[in-house]
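Below: one structure, written as structure tokens.
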There are 2 protein chains.
Amino acid sequence: MPKVVDPDARRREVVDALFRVVVRDGLQRTSLRAVAGEAGLNIGSLRHYFASQQELMDFAMQSMLDGLTDRLLRHVEHIGELSRHPPAERLRLAAGLLAELLPLDERRRAEVTVFLDFNAAARTNPAFKDLSDQAAAGARRLVRRVLTRLDESGTLRPGRDLDIETERLTALLDGLGLGAVRNPDVLSPQMCTAVLAAHLGDLAGEG
Amino acid sequence: MPKVVDPDARRREVVDALFRVVVRDGLQRTSLRAVAGEAGLNIGSLRHYFASQQELMDFAMQSMLDGLTDRLLRHVEHIGELSRHPPAERLRLAAGLLAELLPLDERRRAEVTVFLDFNAAARTNPAFKDLSDQAAAGARRLVRRVLTRLDESGTLRPGRDLDIETERLTALLDGLGLGAVRNPDVLSPQMCTAVLAAHLGDLAGEG
DNA sequence: CGTTTTCTATCACAGGCGTGACACAAAACA
DNA sequence: TGTTTTGTGTCACGCCTGTGATAGAAAACG
């Protein structure tokens, strides 16, 4: 017998509504009333599930990061040991994994969009700083891990400075996300993947 | 005999105050009252020089872009014809020019910070869209121009796709700016220049 | 000088915000 | 059943926002 209301499901619905509002109107205009309206709830009800605005924001941001982390872990697991793949495939696999961070479809586009707004707010809103820093560190770790695996499997041109290359690839991904969200017509998904492939190809020293 | 008040100077002072508020508190918290307070003016006075908030924002954004454009033009002029420099110098000159877009000192840091906030707002605020698009197009044009010059002077490894390389370098610069503003400790000015140098070196096909 | 424009300063208004308080319905429980 | 917990809806308060209106001082002008 299903409960009449499932609190966890409700919270997820509210977070989904919040994401839609942030994507559509921006974080600045994402008020409790707007989220409640989008979720089809009364503001009083919403406040029963989230005691304060800050609690809602934290939960939403954390939910997004958790979802992304799960997806990345599943992707990493699906790839398995990199050296068991033919060398020609390795760059493609790495690109596919890193592309989880790029706005290539509606889902990832929404993620990146929300993420950019949260990060912008985190610069001056201490309440978001921890989660934002944690996310940035996670992205950096993932990129470094990918580069390390590629290097260990002999796929990269030797002599690379991994510190620099990590920052370079991380910045490239950030920039592609920013550009693709801002100018989807110029920086299309195809262009994003082409740029990423070109970069990894360069690192491998093809040519 | 100096006028008692110079309207143009006043407007510049107000814009400077606005920049300080945006950098310190974020664009979201940059209200007319906050700017007036920062400039040491009464809000009534401020409104005498800027009829509306939108007018102030537009003027401020345009001022920043004008200043940046001037600086870039002066830098380009200072470099002169690229092929008149020794090949070993060309990458360094290009890096120096592109570094005008990176937050390497307080001035550029403020510029990039304000710019990021404006761009984030432009996504959902139509009033900022034109200037934001114009700025993005300008950056893209500059990058393409630099890459074209390097290519024509034989400094780049032949066979590059300039469309892709323009997007790649533009995204890299955007990402470096974003990262350096967000995590100055990780992405220090030295690291930024190192990453940029590494990228241009790669394009040249050193090694 | 007087007149006119420019500048400064203040008040009030409507609108949106987060949030505390509270009443009431509905479900869960004993 | 009655009691308790959970969920829903509404009100009001204080705060901040941009902006219109307006009065008065200061400077510029003829």
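Please read all numbers here as calculations on a predicted model, not as lab measurements. The sequence lines fix the lettering, A, B, ..., with proteins before strands; numbering per chain opens at 1.
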| note | By ring pair (Phe, Tyr, Trp, His ring centres under 6.0 Å), A:Phe128 pairs with (sequence neighbours left out) A:Phe118
| query | In chain order, what residues pass the side chain to side chain contact (heavy atoms under 4.5 Å, CB included) check against B:Thr166, with sequence neighbours excluded? | reply | B:Arg140, B:Val143, B:Arg144, B:Leu147, B:Thr170
| Partners of A:Asp105 by salt bridge (Lys or Arg N to Asp or Glu O under 4.0 Å), sequence neighbours excluded? | A:Arg108
| task | Could I get the full list of side-chain hydrogen bond (donor to acceptor under 3.5 Å, both in side chains) partners for B:His75, not counting sequence neighbours? | result | B:Glu100
| said: In the structure I gave you, are the side-chain heavy atoms of A:Leu101 and A:Leu68 within less than 4.5 Å of one another anywhere? | reply: yes
| Does the A:Arg182 side chain pair with the main chain of B:Ser132, one donor and one acceptor, at a distance under 3.5 Å? | no
Using the 3.5 Å cut-off, write out each protein N or O paired with an N or O of nucleotides 23-25 of chain C and the distance between them.
none

| request: Identify, with sequence neighbours excluded, every residue that meets side-chain hydrogen bond (donor to acceptor under 3.5 Å, both in side chains) alongside A:Ser63. | output: none
| said: Please check: side-chain N/O of B:Thr193 versus main-chain N/O of B:Gln190, any donor-acceptor pairing under 3.5 Å? | reply: yes
| field | Nucleotide C:dC11, atom P - distance to CD1 of B:Ile43 in whole Å | value | 13 Å
| said: Is A:Arg47 close enough to C:dG20 that one of its side-chain N or O atoms is under 4.0 Å from OP1 or OP2 there? | reply: yes
| field | Closest contact, heavy atoms only, A:Ala194 versus B:Ile164 | value | CB-CD1, 3.9 Å
| query | For residues 21-37 of chain B, which residues have at least one heavy atom under 4.0 Å from DNA chain D? | reply | B:Ser31, B:Leu32, B:Arg33
| B:Leu56 has an atom CG; how far is it from atom P of D:dT19, in whole Å? | 10 Å
| note | A:Gln54 CD to C:dT19 P, in whole Å, measures 9 Å
| With side chains defined as the heavy atoms from C-beta onward, is the minimum distance between A:Arg10 and A:Leu41 less than 4.5 Å? | yes
| field | With sequence neighbours excluded, residues passing side-chain hydrogen bond (donor to acceptor under 3.5 Å, both in side chains) with B:Asp117 | value | A:Arg123
| field | salt bridge (charged side-chain N to carboxylate O under 4.0 Å, His left out) partners of residues 25-34 of chain A, not counting sequence neighbours, each pair once | value | none
| task | Round to a whole Å and report the spacing from CZ of B:Phe50 to P of C:dC7. | result | 12 Å
| Which residues share a ring pair (Phe, Tyr, Trp, His ring centres under 6.0 Å) with B:Phe19, sequence neighbours left out | none
N/O contacts under 3.5 Å, protein versus nucleotides 4-8 of chain D?
{"residue": "D:dG7", "atom": "OP2", "partner": "A:His48", "partner atom": "ND1", "Å": "3.4"}
{"residue": "D:dG7", "atom": "OP2", "partner": "A:His48", "partner atom": "NE2", "Å": "3.2"}
{"residue": "D:dT8", "atom": "OP1", "partner": "A:Arg10", "partner atom": "NH2", "Å": "2.3"}
{"residue": "D:dT8", "atom": "OP2", "partner": "A:Tyr49", "partner atom": "OH", "Å": "3.1"}
{"residue": "D:dT8", "atom": "O5'", "partner": "A:Ser45", "partner atom": "OG", "Å": "3.3"}

| note | Within residues 122-132 of chain B, the residues having a heavy atom closer than 4.0 Å to DNA chain C are none
